[in-house]
Amino acid sequence: MTDVSGLSIGILGGTGDQGKGLARRFALARHPVLIGSRSAGRAQEAADSIGHGARGAENAVVATEADVVIVAVPYDGHKALLESLRAELAGKIVIDCVNPLGFDKKGAFALPVEEGSAAQQAAAVLPDSRVVAAFHHVSAVVLMDPAVDKVDLDVLVLGEDREATDLVQALAAVIPGVRGVYGGRLRNAAQVEALTANLISINRRYKAHAGIRVTDI
Ligand SMILES: NC(=O)c1ccc[n+]([C@@H]2O[C@H](COP(=O)([O-])OP(=O)(O)OC[C@H]3O[C@@H](n4cnc5c(N)ncnc54)[C@H](OP(=O)(O)O)[C@@H]3O)[C@@H](O)[C@H]2O)c1
């Protein structure tokens, strides 16, 4: 497996539930973690709440400084944020975990995305970065729960670049219990993002924080 020890992880929108949850798990695995926000103050507050050496800064600083950058903002702000950080993110592996979902009285549903998926949108906006789609199905609640030592799920990792997907699979595996599984090219990211709507339905019916496991590998 790719050696990811010591890699610093930056999280754009790291002040939200998902960003803080991932930050906490990577910080526990001794990775330097940089939490990004539109506000340096909010970023620092979130970093303080994580502890374990996490630091906070504006998204642009995080995009510049971190070795690997995770995008954890709502789909609404996704394209504009990445467009504004194209130069900072050039040459980097950018991990997109954004699920373009809508919610109505029937529950969650997948939104259409012109580029095909949020991950393909990121790849279109960031031609000089290596975009990898991953971490769509991990529950922020589980990531934040100190009672959960092992997170019971596979993380599907999709991308065009083998070296980048191998690295992200190895990063997923630093979270105890998690396995990173290659899930195909970015053109297949839409259904991975959309599957989150099914998991939300499952969670509501069974009062759970469901994840997925891939068998026979
Ligand atoms: N929550 C989960 O369990 C979960 C699981 C898997 C994947 N995801 C995906 O992860 C992403 C983040 O989820 P979340 O629940 O953490 O979302 P969130 O709390 O609503 O948002 C995360 C952060 O994004 C920033 N943000 C909000 N609107 C923005 C905009 N228009 N432009 C730039 N930044 C903006 C905010 O930070 P500042 O105000 O500090 O800038 C906010 O704290 C989503 O795309 C979601 O689909 C979530």
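Just so you know, ligand 1 is whichever comes first in the structure, and atom 1 is the first atom listed for that ligand. Note that the numbering runs from 1 along the sequence shown for the chain.
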Check: Phe135 main-chain N/O paired with Gln18 side-chain donor or acceptor under 3.5 Å: yes
Give the residue and atom name of whichever protein heavy atom lies nearest to atom 31 (N) of ligand 1, and the separation in Å to one decimal. Gly77 CA, 3.4 Å
Going by heavy atoms in the side chains, are Ile11 and Leu22 under 4.5 Å from each other? yes
Judged by heavy atoms only, the candidate from Ser37, Gly16, Ser39, Ala72 nearest atom 38 (P) of ligand 1 is Ser37
For atom 47 (O) of ligand 1, the protein heavy atom that lies nearest, with its residue and separation: Asn99 N, 3.1 Å
Arg130: salt bridge (Lys or Arg N to Asp or Glu O under 4.0 Å) partners, not counting sequence neighbours: Asp161, Glu163
Find all atoms of ligand 1 within a distance of less than 4.0 Å from any non-hydrogen atom belonging to Asp17, and give their numbers and elements. 16 (O), 19 (O)
Contact check, side chains of His137 and Val155, non-hydrogen atoms, under 4.5 Å: no
Can you pull out the closest protein heavy atom to atom 24 (O) of ligand 1? Residue, atom name and distance to 0.1 Å, please. Pro74 CD, 3.4 Å
Using 4.0 Å as the upper bound for N to carboxylate O, is an ion pair formed by Asp152 and Arg213? yes
Heavy-atom proximity to atom 11 (C) of ligand 1 ranks first, among Val73, Val98, Ile35, Asn59, for Val73
Side-chain contact, heavy-atom cut-off 4.5 Å: Leu12 with Val69? yes
Quick one: look up the protein heavy atom nearest atom 23 (C) of ligand 1 and list residue, atom name and how far away it is. Gly13 O, 3.4 Å
Identify the closest protein heavy atom to atom 1 (N) of ligand 1: which residue and atom is it, and at what distance? Ala140 CB, 3.8 Å
Among all the protein's non-hydrogen atoms, which is closest to atom 43 (O) of ligand 1, and how far away is it? Thr15 OG1, 2.7 Å
If we set the cut-off at 4.0 Å for heavy atoms, which region of Val138 has an atom near ligand 1: side chain, backbone, both, or neither? backbone
Are Leu199 and Val148 linked, directly or through other ILVMFWY residues, by side chains that come within less than 4.5 angstrom of each other? no
Is Ile50 close to Val33 at the side-chain level, that is, under 4.5 Å between some pair of heavy atoms? no
Taking the minimum heavy-atom distance to atom 30 (C) of ligand 1, which of Arg38, His209, His136, Glu58 ranks first? Arg38
Within residues 179-190 or reaching into it, pairs that qualify as salt bridge (Lys or Arg N to Asp or Glu O under 4.0 Å) - sequence neighbours excluded: Asp154-Arg179, Glu160-Arg185
At what distance is the nearest protein heavy atom to atom 10 (O) of ligand 1, and which residue and atom is it? Gln18 CG, 3.5 Å
Only heavy atoms of Cys97, strictly under 4.0 Å: list the atoms of ligand 1 that pass. 7 (C), 8 (N), 9 (C), 10 (O)
